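Residue numbering restarts at 1 for every chain, and letters A, B, ... go by the order of the sequence lines. Every heavy atom of this structure was used, including side-chain atoms; hydrogens, water molecules and symmetry mates were not. Please read these numbers as outputs of a predicted model, since none were measured by experiment.
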Amino acid sequence: MAIDAATVRRVAKLARIAEPEERLEPLARELSAIISFIEQLDEVNTDGVEPMTSAVHVTLPMREDVVADGGDAERVLLNAPKSDQGFFVVPKVVE
Amino acid sequence: MSDLTKLTLKGAIDGLKAKSFSAVEVAKAHLDAIAAANPAINAYIQTTPDQALAMAKASDERIAKGEAGPLEGAAIGIKDLFCTKGVQSAAASNILRGFKPPYESTVTSQLWRDGAVMLGKLNMDEFAMGSSNESSAFGPVVNPWRAKDSSQNLTPGGSSGGSAAAVAADLCLAATATDTGGSIRQPAAFTGTVGIKPTYGRCSRFGIVAFASSLDQAGPIGKTVEDTALMLRSMSGHDPKDSTSLPVEVPDFAAFVGKSVKGLKIGVPGDYRIEGMPEEIARLWDQGIEWLKAAGCEIKSIRLPHTKYALPAYYIIAPAEASSNLARYDGMRFGLREEGGNLTEVYENTRAKGFGPEVKRRILIGTYVLSAGYYDAYYLKALKVRRRIADDFEAAFKEVDAILTPTAPSAAFPLGQRNDDPIAMYLNDVFTVTTNLAGLPGLSLPAGTSQTGLPLGLQLIGKPLDEGTLFSLAGAMEQAAGVSAKPAKWW
Amino acid sequence: MSERPPYRIQGRTGEWEVVLGLEVHAQVASKAKLFSAAGTGFGAAPNDHVSLVDAGFPGMLPVINRFCVEQAVKTGLGLKAKINHRSIFDRKNYFYPDLPQGYQISQFKDPIVGEGELIVHHDDGTSFTVGIERLHLEQDAGKSIHDMDPNATYVDLNRSGVALMEIVSRPDMRSPDEAAAYVKTLRQLVRYMGTCDGDMEKGNLRADVNVSVRKPGAELGTRCEIKNVNSLRFIQQAIVYEAHRQIEVIEDGGKIVQETRLFDAGKGETRSMRSKEEAHDYRYFPDPDLLPLVLDPVWVKQIQATLPELPEQKLARMQSQYGLSAYDAAVLVGDVARADFFEEAAKGRDAKLVANWVLNDLSGKMGADGLEFEASPVSAADIGALVGLITDGTISGKIAREVFERMWAGEGAPAAIVEKHGLVQVTDTGALEAAIDEIMAANPDKVESAKEKPQAIGWFVGQVMKATGGKANPGAVNQILKAKLGL
């Protein structure tokens, strides 16, 4: 399925990446080429095939309910572009 | 004193133990070599000389006290994808430029535990997305190899191009790398080095910047098979901080090197003889078969019928996971923040400016294939094809002990040559990506040179957790190939 | 099952029925978070209970907390639900500053708990059943604070990664009362099992309410989801407002748009949350950092074996074992501490009488002083002893009230109080006969009228009580009077 500029705009919005209007068409062509490449998969019969989400055959390991982390807000905020009074400071969120 | 950078990892460790030279001398020799070479090769994003010398000094003290670890004093390079405490770990991306993690990856902390010395952070494709090292925000890495009678700059391959180039140019004794679709093995093949992507779950992913979590796996690049075996042993091991880490013992991989391979059954998949395969690659492959035959292996023809679908499946699964893994780079808690008129604009501007074109392309593809209405057609379909590919291998491994294939469909190509055609670039991984999908170990070793004198690699694929057999086979082939050529120094 | 009249809203075009389904988020009562080892305690300094996993740092990976899994299974068993021995964690992708990873780890297609049910009781003893669609585990998000700076939002990630059980009901409720009663019953259940503390004030239990309206018996209408309502009263207010809003829209010829709305408790209104609407494509997919959660059947059996008696079972037992009314049993069971107190006090005593004392006198005092049963100043043993004194005739019910007041005041055990203040009931027939003879002799007219009108006997009882300072045994007084008056 070919991807058009409107789809690129929608997907870029979902992915929160600003793409200038003039990039939409070229991107649509690039992405369409990739999509038609991956559409080769349609040739494979996958009826009744269990999807494979992991190459690991063990089951999910579990951790005990012990507090052994946290208590260091400074470390958490160390790389923050902006912080104040122990909080991350981010652009105003309008609900 | 001879040039310490010419040593193999094994040679250096032995020499250090014998006190023939000191770890500080080894570190200094490498730092000097990097200073001289890096402007041309750009393998390192940064060196960490103070840290290197302090670690080397501590190594010398431990050696003096007879407390040397298995890698004591070994000067190594670390791919920028590994988080190293207090040292910029940017995944070669502008969005993480300046990011100094307050933590250490499990793999690197195990290397330091065993005495290794960090020289610096190695260049790579941005977020490990690429096959030519040209997507790095810190500029492309240049392959130390050049074609005969040519001064054209070639790609070292990717994404671990910095790791491979540094090892090939003697800018470290060995390097860490990661492999999501071939990012250890293809650069190893392009630079005449040895690289192994172990079984998925062998090395902890904790502290490694994620690209595609179900495919990412760390591994080493080294000058010899034995060197990579030594590195892998320190890098491996169960980690309770990674839910996909395998709770298994780590064997002494180096002990497998030199073991007889007589009687091992080697599969040769006809499905890898893709259309348009260059003659020299086919010949190399045949040569590898002959070596193994001569070593007493039994060669069997096998089928891996879904091979051609591995790349398309990979280019759904990897971008899908990446689109989600890279959502955390949003300018809120670390890394780049690019201002804007409102929250959405800040997100969009930050990510537009922070990510390079290839990363953005993959995020868009990944977002698209997961979006409402397309999930089943693309993502779910790819997961099913992934199962069929894994099933192919499972069936094959009922009959053979390992599989031999070429590593890459060509030798190193000129920088800039395939930048305009993403799919042509993706085809670099056609032989390597299958093992990532199936979670199997794959090793690439130099096996010959192209007509233009560039290194070419062969790949050995093993059963899950059977890296040992790969090391034995690779050791035998390494001996037979007798490849010890190094790039002629032009830098 | 409900014997109550159906709830209807009168519109311009006729009567409307409200259809309600709830998604309750119950915070798992764990010490550490669902996928990290940071703590969950309330009231910490900002970003203090935050690990680098919770803050979504590069290369950080989730590892699941076994205790949280156990609580989800336990709650599922309490809801008589199907436990799924294999469940999957998915990523729900969206951008929000208090969602550090850019996705929430949740369970989408394959939750840990499948279908179940909850029998819900109203205060009047009537009950109805709500179908449970599923229960799944997921991470909470952090907290955005909008009023610290006019131009910026402040983010605290202390809640980020805290384990939540999302319990999704079927749209089986038809009135604000039913919705509130459902949440109350569910809250009681999780508190009984200890899987969630149920503290709605702290947001540890909160509900998303799905509201739609229809003409009675018609097809289901389009629903709106009211997010994060955190008190029973607000749930009811939000439903009433939202139902009326929807009816008005439809009756004005409009259509209901499926959307997420916010309840403004100050104004008592719901309003559209447009910011959450725009990116409504969550791109769920299995989290590749985690593997399928496989439950060992032996472990599930062990969890089943450790389940406490659940409210529903306790309710039935209270009625059969102690002969209590459905209403009394329900009130007792409403608070596990009160139920335990009752059972302790009722050991070897007249249970109905004990229930009366616990539910009326003691509960009254406790309520007035805002005390919980865990902190009762009067022990269960003493309430039992007090009832014992009544049933063995030592004191009358009336005296017992006085004794109880003194117990509440901290004067000690009831027997000691009775002893100290000489409150023992007079059952000595000789003494009573003497007192009665004296009264009869002094009031011959009353004796005559009582012989004709036996009801007048009450006057004599009162006089005897007065004469004995309330200590006369009313039963004995009656008997003697009847004999002497020849009734």
Engaged part of Asn151(C) at the chain A interface, taking heavy atoms whose separation is under 4.5 Å: backbone

For Asp65(A) and Lys31(C), indicate whether the former's side chain and the latter's backbone hold a donor-acceptor pair under 3.5 Å. yes

Which atoms of Val69(C) come close to chain A, meaning under 4.5 Å heavy atom to heavy atom: side chain ones, backbone ones, both, or neither? side chain

Counting only heavy atoms not in Glu74(A), do more than 12 sit closer than 6.0 Å to its CD atom? no

Nearest 0.5 angstrom please: Ile145(C) CD1 to Phe88(A) CZ, how far? 12.0 Å

Rounded to the nearest 0.5 Å, how far does CG of Leu78(A) lie from CG of Leu52(C)? 10.0 Å

Could you look at Ile88(C) and say if it's the side chain, the backbone, both or neither that has a heavy atom under 4.5 Å from chain A? neither

Non-hydrogen atoms of chain C under 4.5 Å away: do they reach the side chain of Val90(A), the backbone, both or neither? both

Quick one: pull up CG in Asp149(C) and CD in Gln85(A) and give me the separation to the nearest 0.5 Å. 9.5 Å

When you measure from the side chain of Thr153(C) to the backbone N and O of Val93(A), does any donor-acceptor pair fall under 3.5 Å? yes

Between the side chain of Lys92(A) and the main-chain N/O of His146(C), is any donor-acceptor distance below 3.5 Å? yes

For the CZ atom on Arg206(C), are there more than 12 heavy atoms of other groups (residues, nucleotides or ligands in this structure) within a distance under 6.0 Å? yes

Any side-chain heavy atom of Arg10(A) sitting closer than 4.5 Å to one from Asp281(C)? yes

To the nearest 0.5 Å, what is the distance between CG on Asn47(C) and CG on Leu77(A)? 5.0 Å

With a 4.5 angstrom heavy-atom cut-off, which part of Ala152(C) approaches chain A: side chain, backbone, both or neither? both

Non-hydrogen atoms of chain A under 4.5 Å away: do they reach the side chain of Phe57(C), the backbone, both or neither? side chain

Look up atom OH in Tyr94(C) and atom CZ in Arg16(A), then write down how far apart they are to the nearest 0.5 Å. 12.0 Å

Looking only at non-hydrogen atoms, find the nearest pair between Leu14(A) and Phe95(C) and report the distance. O-CE1, 3.5 Å

Report which part of Asn79(A) has an atom under 4.5 Å of a heavy atom belonging to chain C: side chain, backbone, both, or neither. side chain

CZ on Arg63(A) to CG on Asn65(C), rounded to 0.5 Å: 4.5 Å

Under a 4.5 Å heavy-atom cutoff, which of Tyr154(C), Phe285(C), Phe67(C) has the most pairs with chain A? Tyr154(C)

What I'd like to find out is whether the side chain of Leu293(C) reaches to under 4.5 Å of the side chain of Met62(A), using heavy atoms alone. yes

Which portion of Pro286(C) sits near chain A, non-hydrogen atoms under 4.5 angstrom: side chain

Can you tell me which residue among Leu291(C), Asp289(C), Asp287(C) is in a side chain to side chain contact (heavy atoms under 4.5 Å, CB included) with Ser54(A)? Leu291(C)

What pair of heavy atoms forms the shortest contact from Pro46(C) to Ala73(A), and how long is it? O-CB, 3.7 Å

Top of Val294(C), Asp54(C), Ile64(C) for chain A proximity - count of heavy-atom pairs under 4.5 angstrom: Ile64(C)

Could you report the tightest heavy-atom contact between Asp69(A) and Ser51(C), atom names first, then the distance? OD2-CB, 3.1 Å

Among Gly102(C), Ala55(C), Ser30(C), Ala45(C), residue most engaged with chain A (heavy-atom pairs, under 4.5 Å): Ser30(C)

